[in-house]
Amino acid sequence: MPQARGARRSPRQRQNSKNKKAGIPAGSGVGGANAANAAAPTTTTTTAAAAAAPPTAAAPTAAAVPRPNSNNGEVSVVWFRRDLRTDDNPALNAAVAAGRPILPIFIWEPEEQGQFQPGRGSRWWLNRSLARLEDDLKAIGARLAYLRGTTALRALRSLFARVDVKELFFNNLYDAVSLARDCSVKETLNNEGVTVTTFNADLLYEPWEVLGSGGEPFHTFEAFWSRMQCLSYAPRRPESAPARIALPSSDVFDALREVACTRDELALLTEDEDRCTESLSARWRPGGHGARRIFESFCRHALESFSWERAKVDIASTSQLSPHMHYGEISVRRIYYAVKDLEYAAARNETRGVTALSEEAEPPAPYDEMDDASTLAVRRRRVHEDARRTGCRLGDDTPAGMANMPRTPAGAGSHHTAGKPAREVEGPHGEYLRCLGLREWSRYLSFFYPFTHERSLLSQLRAVPWNYDETMFHRWKMGTTGYPLVDAAMRQLWSTGWLHNRMRMVVASFLVKHLLLPWQWGLRHFWECQLDADLESDVLGWQYVSGCLADGHTFMTQIDLEMEARRFDPNGNYVRRWITQLSRLPTQHIHAPWLAPTEVLAAAGVELGSDGGYPLPIVDPAESKERLQRAVDHLRRIAINGGQATNALTAEVSTAPVPPAESGDDEVGEHGGSVPLEGAGSPEEMSNSHAAGCPSREMSPTAAKRSEVAAMDGIDFGKGTLPPTLRDVHDDMCSIDRMNKRKRLA
């Protein structure tokens with residue numbers, strides 16, 4: 001019914017009139033959100049350093065930014081970082097539950113990242129992921145605002161000086177740069193009267209939730225993973241996106257014009273970089289919709305064969321979700337529970353088949369009480385053995401992480417698992433969940449050991465006599481080492497911004513063990529090229545391959561490139577795809593063209609070592625192995641002499657930080673290096689990788705001595721995992737720690 005002229009309008013009508021002038025849909029102002037969507041906020045968590053800050057707002061200090069007039073209306077700010085999604089976003093859901101209008105923001109502050117500013121591939125992905133986030137927020141009535149600043153704190157204070165912000169919500173990050181920044185933001189803004197609340201949106205469990213019986217952090221993945229499965233509570237279930245979000249008043253958007261900008265004005269990519277990344281658009285679809293589509297396709301077509309095909313590089317054997325997960329376009333909890341549901345369904349189907357074949361089988365139990373004995377028995381026994389070894393306390397006979405797994409009748413299917421390795425017993429679903437566990441492990445290490453992006457976790461490997469050869473490093477980057485498998489992987493990385501996990505291990509091991517170049521150089525190059533450049537995962541992968549972790553590859557272990565090629569690219573299809581010069585070579589010669597007869601090379605049109613042809617090997621395998629052995633001998637001498645150089649070789653060693661490699665302008669037109677898992681470096685063998693070939697797994701005399709001084713650096717060196725051939729090396733290395741301890745006590 002039309003309103004009579006001169007009649008008094010209600011407050012809601014006046015608010016809708018203002019929104020109409022500002023171009024905001026009616027009903028989306030204060031109180032426009034559906035009250036049913038105001039779910040209870042999740043438990044608030046902060047970083048360890050930020051936990052000391054008072055939870056309530058303190059009195060403003062003299063240097064505090066002046067608060068704006070309250071006529072703009074109080075708002076809550078949701079700060080999007082690497083959680084570019086609207087579903088299962090704890091910070092966004094908590095802001096909706098607070099009941100105030102919500103202002104979503106994104107801050108671009110590359111200068112604050114220091115040497116780890118996002119690379120070209122990562123910025124291309126971020127640009128398109130933000131565009132998808134804008135669409136998702138518009139669908140629920142919100143508008144994303146962009147801020148530009150040299151630091152996040154300056155950008156936030158500039159915003160809060162113009163808008164009456166009562167609460168700031170954001171989700172935790174765990175790399176060293178983000179930890180320092182977030183603690184500073186929380187402390188400063190709390191002192192200025194803004195309540196800052198943080199949440200866990202990136203992990204199944206916070207790092208401080210997974211600790212040993214004495215409250216100490218773990219140092220090996222197996223101990224961490226076992227304890228994580230023994231927790232008395234399951235990860236939080238994923239939540240859906242809010243149906244509607246209340247927008248601030250038009251006055252807030254007017255004030256925003258002074259500090260906010262558009263996504264194009266952020267200049268995430270230069271014009272030249274944008275042209276160089278045009279080919280990526282044909283392969284990748286950033287955003288939440290693209291992530292869900294890829295994950296559903298993987299679950300439908302590749303998950304069942306994940307255990308035995310995941311290392312093959314010539315087929316689509318992995319989910320390729322790493323860039324989506326890095327920017328938080330899909331929730332790790334959603335992935336976890338989706339895989340768990342599929343695992344339950346598969347176990348239930350297997351149970352039906354076993355029961356039908358067994359005449360003495362008991363009647364099947366209800367779904368919520370079933371348990372797959374063929375897959376659970378070995379896992380449970382291994383978990384309890386690890387728990388006893390690491391001092392974990394189990395609250396129940398069945399760990400919480402496995403308590404709801406389907407069961408088969410007692411004894412059914414046990415003949416299928418006898419003598420099989422744990423990876424086969426766990427099946428493809430358990431193997432994929434272990435990959436998620438390794439991602440959790442990378443953030444765990446970064447949280448408790450934030451220096452790992454710069455130096456080795458094991459202090460004994462900080463004196464490696466690296467070969468600072470820029471020419472070799474350049475050839476490794478450009479994929480011209482003369483080793484087809486390595487070159488194919490580097491060219492794929494340069495072209496697509498992504499690399500199979502197995503190939504990441506191969507090229508990283510080649511750089512460190514064959515060329516003896518610093519692993520920090522390789523980390524920096526990966527960071528520049530990868531779409532999924534993830535600092536925590538990259539650091540874990542490079543330290544694992546370089547022998548810098550207690551449960552990683554030993555430093556003296558050098559992979560056999562020819563064997564790797566025959567195993568994971570048996571037909572040579574991967575090499576042919578990325579190295580066209582070798583596409584016509586027969587399969588038996590494609591991985592070692594320098595051994596092919598002259599007539600075979602001529603028939604295939606391959607010229608080795610000439611301009612325009614394929615290069616000869618950059619280093620001889622025998623020479624590289626000898627050089628690696630000299631480096632190991634050098635570390636032994638350093639240990640024996642208490643860290644003092646004794647000859648010409650040791651004189652070349654410097655304890656200063658590794659000098660940066662020259663990146664140059666040689667650009668040609670990724671999960672951030674997840675940890676290698678196959679072969680000798682498989683997940684279940686990580687803690688025993690040093691024991692490969694050892695006739696006895698009992699604690700050696702060297703390991704017993706090492707355990708006495710292991711607590712000095714806070715590092716667990718993996719008790720009982722050293723073969724006899726390594727006893728002398730590690731015994732000598734430990735002498736440094738013993739002498740330092742005596743000096744401190746004196």
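Every heavy atom of this structure was used, including side-chain atoms; hydrogens, water molecules and symmetry mates were not. Counting begins at 1 with the first residue of the sequence.
Taking the side chain as every heavy atom from C-beta outward, Trp542 and Val512 approach each other to under 4.5 Å. The shortest distance between side-chain heavy atoms of His634 and Val464 does not fall below 4.5 Å. Put simply, the side chain of Tyr468 does not reach to within 4.5 Å of the side chain of Leu517, judged on heavy atoms. At a threshold of 4.5 Å between non-hydrogen side-chain atoms, the residues Tyr614 and Pro484 count as touching. Residues Leu608 and Pro593 form a side-chain contact, since some pair of their non-hydrogen atoms from C-beta on lies under 4.5 Å apart. Met503 places none of its side-chain heavy atoms less than 4.5 Å from the side chain of Val486. Using a 4.5 Å heavy-atom threshold, the side chains of Ser322 and Asp534 count as separate. The shortest side-chain heavy-atom distance between Arg455 and Cys548 does not fall under the 4.5 Å cut-off.
Of the inter-residue distances, the one linking Lys513 atom NZ with Ser624 atom OG reads 11.5 Å to the nearest 0.5 angstrom. To the nearest 0.5 angstrom, Ile618 atom CD1 is 6.0 Å from Phe510 atom CZ. A distance of 9.5 Å separates CG in Asp175 from CZ in Phe116, rounded to the nearest 0.5 Å. To the nearest 0.5 angstrom, Arg566 atom CZ is 10.5 Å from Asp560 atom CG. How far OG of Ser583 is from CD of Gln581: 9.0 Å, rounded to the nearest 0.5 Å. Rounded to the nearest 0.5 Å, atoms CG (Leu499) and CZ (Phe526) are 5.5 Å apart.
The main-chain N or O of Ala533 is never found under 3.5 Å from a side-chain atom of Ser122 such that the two would form a donor-acceptor pair. Distance alone, capped at 3.5 Å, is enough to place a donor-acceptor pair between the His453 side chain and the Pro450 backbone. At distances below 3.5 Å, not a single donor-acceptor pair connects side-chain atoms of Gln520 with backbone N or O atoms of Pro518. The backbone N or O of Leu211 lies less than 3.5 Å from a partner atom in the side chain of Arg227, making a donor-acceptor pair. A donor-acceptor pair is defined here as one N or O able to donate and one able to accept, closer than 3.5 Å; no such pair exists between the side chain of His553 and the backbone of Ile559. The backbone N or O of Asp569 lies less than 3.5 Å from a partner atom in the side chain of His591, making a donor-acceptor pair. Of the possible polar contacts, none joining the Arg310 side chain to the Ser317 backbone as a donor-acceptor pair under 3.5 Å is found. Between the side chain of Arg576 and the backbone N or O of Leu585, at least one donor-acceptor pair lies under 3.5 Å. When atom types are taken as modelled, the side chain of Asp538 and the backbone of Leu523 share no donor-acceptor pair closer than 3.5 angstrom. With hydrogens and angles disregarded, no donor-acceptor distance shorter than 3.5 Å links the side chain of Asp551 to the backbone of Thr220.
Under the salt bridge (charged side-chain N to carboxylate O under 4.0 Å, His left out) criterion, Glu440 pairs with no residue, sequence neighbours left out.
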### Query
Is there a salt bridge (charged side-chain N to carboxylate O under 4.0 Å, His left out) between Glu564 and Arg502 once you walk through the steps?
CA-CA 9 Å; Glu564 291 286 313; Arg502 189 66 195 181; 2.9 Å; yes
### Check against side chain to side chain donor-acceptor pair (under 3.5 Å), Arg491 and Thr496
CA-CA 8 Å; Arg491 297 183 189 191; Thr496 67; over 6 Å; no
### Task
Could you check Glu626 against Arg630 for salt bridge (charged side-chain N to carboxylate O under 4.0 Å, His left out), going step by step and ending with a plain yes or no?
CA-CA 6 Å; Glu626 181 181 353; Arg630 289 200 302 269; 3.6 Å; yes
#### Entry: Steps toward salt bridge (charged side-chain N to carboxylate O under 4.0 Å, His left out) verdict (Arg475, Glu470)
CA-CA 9 Å; Arg475 290 186 60 178; Glu470 292 283 351; over 6 Å; no
### Query
Step by step, would you call Asn571 with Thr587 a side chain to side chain donor-acceptor pair (under 3.5 Å)?
CA-CA 6 Å; Asn571 300 319; Thr587 302; 5.8 Å; no
### Task
Determine, stepwise, if the pair His326 / Ser537 fulfils side chain to side chain donor-acceptor pair (under 3.5 Å).
CA-CA 10 Å; His326 171 68; Ser537 296; over 6 Å; no
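Enclosure of atom CZ in Arg524 by more than 12 non-hydrogen atoms of other residues, nucleotides or ligands within 6.0 angstrom is indicated. No more than 12 heavy atoms of other residues, nucleotides or ligands shown are found within 6.0 angstrom of CD on Glu607.
Between Phe555 and Ala631, the shortest heavy-atom contact is CE2-CB, 4.1 Å. The two residues Leu173 and Arg181 come nearest to each other via the heavy atoms CD1-NH2, 3.7 Å. Across Met472 and Leu515, no two heavy atoms sit closer than the pair SD-CD2, 4.1 Å. Here the closest non-hydrogen pair linking Leu628 and Met556 is CD2-O, 3.7 Å. Listed here is the closest heavy atom pair of Trp494 and Lys477: CE3-O, 3.9 Å.
Note: Trp476 and Phe473 have parallel aromatic rings, judged against thresholds of 30 and 60 degrees for the angle between ring planes. Note on ring orientation: taking the six-membered ring where Trp is involved, the planes of Phe224 and Phe218 are perpendicular (angle over 60°, cut-offs 30° and 60°).
Partner Trp208 forms a ring pair (Phe, Tyr, Trp, His ring centres under 6.0 Å) with one of Phe447, Tyr174, Tyr444, Phe448 and no other, that one being Phe447.
Taking the six-membered ring wherever Trp is involved, the centroid distance between the rings of Tyr483 and Trp594 falls below 6.0 Å.
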